[in-house]
Chemist: 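Sharing a structure here in structure tokens format.
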Amino acid sequence: MAVGAVPQIKIFDTTLRDGEQSPGCSMNLNEKIEVAKQLERLNVDVIEAGFAIASPGDLAAIQAIAKQIKGCTIASLARALTKDIDQAWEAVRAAESPRIHTFIATSDVHMQYKLRKSPEQVLEQAEAMVKYAKKYVSDVQFSAEDATRSNKEFLYRIFEAVIKAGATVINIPDTVGYTTPWEFTQLICDIKNNVPNIDQAAIAVHCHDDLGLAVANTMAAVRAGVKQIECTINGIGERAGNAALEEIVMGLVTREDFYNVSCSVDTTQIYRSSKLVANLTGSVVQANKAIVGANAFAHESGIHQHGVLANERTYEIMTPYSIGLPKGRMILGKHSGRHAFEDRLVSLGYNLNKEQLEQAFEQFKVLADKKKVVADEDLEALVQQKTILVPEIYVLDHFVINSGNSITSTAAVKLSYMGMTKEAVSTGDGPIDAAFRAIDLIVGLEFSLESFALNSVTEGKDAQGEVMVRIVKNDRIYIGRGLSIDIIEASIKAYLNAINKMIDELQLAKRVEPDG
Ligand code: KIV
Ligand code: ZN
């Protein structure tokens, strides 16, 4: 390190594992690859791409990510079991820099009731499985699940043993979001002082947000000198979620004077990463969320507006541009050409290939015909909608609605399906219910609609409506997103998007069944 250089801390992103495994946040293969590509642009150090043993879909996604993503480490999670580790290795072996991340619970309550093992058995298993993973790969991470509720003396022993067995990273998870910044700092210092070979491994932390302290605990760990922090985009994850990457990174950047560490993340990719994950998981970001919420850089009060106009630093400790929010606004309309369209996309941070650009330009023209001005938010919504991520099994051909406050709503919907067209008519409680019922008649599958949300992409009467739906089949949740200036069309598109994802997954599952 050069004299005076700020030490680097590694950013380990687990959006695709801990984030994706939380209910309602599941993504299909193409969506996971899309997120991994965005994490590559964001320049994180490690992508935990999934839990290989969990399902054939997880395995395939990690393998695809390991092959395609460059410049960072790709990890798969594995319980401390040989079959998990074998599968994790199968998943990451093609990566430029592969890592196996194995874990076992170390708290009394987990060992007694979940594992039904004594501490000695757990210690032996952890040590043996780290050795086993080392046969495959040099980079092995070990996590002591529920570390913050574990006996400290036991933690020292297990960490010493796994480091001796070859663990390169030892992770201290606050699995249930129980600790506080003061206790966590103390725990890290105690581990440093009581694990004799601690200098042979990097210390990592992984915090959950059950008491709203995930980021605070992570930042305390940074001050205590850890070398890797684990987090997810928008803080998605089990229960209340994980520590949010954007909050940690902007904390490190904005207060480098205090934390005295830097990281490799390209902060100008934060906004796009957040949008992408929110769109693909249907996990909407609250308006007042730090860094990426819609109001994070909005100044409503007159006093604030006056201050910011005089000098941004009066009320802004970081600029919106630093997270990739576009500088200035440029309005496009139906007379805008391909160049202006492409230029604007590039300045918003989207570098589409020729085919994607062509597709997006076509959609832009359709939109610009209906809407006088096409704002940046419209363009982003349009680009992020990329239907290519979900196979177009059922596609809307057209619909006709008859509705009013004194009649029963009726919908006639025509869909194209594998070169054919299928049509159905249904009544319902309102036009959207009628349209969905007509689609149900065509599709003929059992599933339920769990939620429906409608947002407007921009302000104004001609704003595009963005609909998110969640449908459930066999306890699996499928998220669909639809966009249109017409909210019934947006609703139908969202419903079909979710249905197509469901059918695609059912077909994939059939393909991997032994007799399937
Ligand atoms: O929360 C947790 O303990 C985990 C581990 C598997 C690292 O996600
Ligand atoms: Zn976790």
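Hydrogens, waters and symmetry mates are skipped; everything else that's a heavy atom, side chains included, is used. Numbering of ligands and ligand atoms starts at 1, following listing order.
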Chemist: Pull up every protein N/O/S atom sitting under 2.8 Å from the Zn ion (ligand 2), skipping waters.
Modeler: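 Sorted hits: Asp18 OD2, His206 NE2, His208 NE2.
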Chemist: Please indicate whether Lys70 has more than 12 foreign heavy atoms, meaning atoms of other residues, nucleotides or ligands, lying under 6.0 Å from its NZ.
Modeler: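 Atom NZ in Lys70 is crowded, with more than 12 foreign heavy atoms closer than 6.0 Å.
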Chemist: Under a 3.5 Å threshold, I'd like every N/O contact between ligand 1 and protein atoms, with atom names and distance.
Modeler:
| unit_1 | atom_1 | unit_2 | atom_2 | d |
| --- | --- | --- | --- | --- |
| ligand 1 | 1 (O) | His206 | NE2 | 3.2 |
| ligand 1 | 1 (O) | His208 | NE2 | 3.0 |
| ligand 1 | 3 (O) | Thr175 | OG1 | 2.6 |
| ligand 1 | 8 (O) | Arg17 | NH1 | 3.3 |
| ligand 1 | 8 (O) | Arg17 | NH2 | 2.9 |
| ligand 1 | 8 (O) | Asp18 | OD2 | 3.1 |
| ligand 1 | 8 (O) | His206 | NE2 | 3.1 |

Chemist: Which class fits the ring pair Phe12 and His101: parallel under 30°, tilted 30 to 60°, perpendicular over 60°?
Modeler: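 Ring orientation, 0 to 90° scale: perpendicular.
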Chemist: State plainly whether the residues Arg17 and Asp58 are in salt-bridge range, i.e. N to O under 4.0 Å.
Modeler: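 Not counted as a salt bridge, because no side-chain N and carboxylate O are separated by less than 4.0 Å.
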Chemist: Tell me if the NZ atom of Lys134 is crowded by more than 12 foreign heavy atoms within 6.0 Å.
Modeler: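 Yes, NZ of Lys134 has more than 12 neighbouring heavy atoms, counting only those of other groups under 6.0 Å.
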Chemist: For Asp139, give me all partners under salt bridge (Lys or Arg N to Asp or Glu O under 4.0 Å), at least two apart in sequence or on another chain.
Modeler: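 Counting only residues at least two positions away or on another chain, Asp139 forms a salt bridge (Lys or Arg N to Asp or Glu O under 4.0 Å) with Arg99.
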Chemist: With side chain to side chain donor-acceptor pair (under 3.5 Å) as the test, pick out the partner of His206 among Asp18, Thr218, Thr175.
Modeler: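 Only one option passes, and that is Asp18.
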Chemist: Just checking, Arg470 and Phe452: is the charged tip under 6.0 Å from the six-membered ring centre and within 45° of the axis?
Modeler: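 No cation-pi geometry.
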Chemist: Is Asp174 reaching over with its side chain to a backbone N or O of Thr179, donor-acceptor style, under 3.5 angstrom?
Modeler: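 Side chain of Asp174 to backbone of Thr179, a donor-acceptor pair under 3.5 Å: yes, one is there.
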Chemist: Among residues two or more places apart or on two chains, list those pairs meeting side-chain hydrogen bond (donor to acceptor under 3.5 Å, both in side chains) that have a residue in residues 154-164.
Modeler: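 Pairs touching residues 154-164 that pass the test: Glu120-Arg157.
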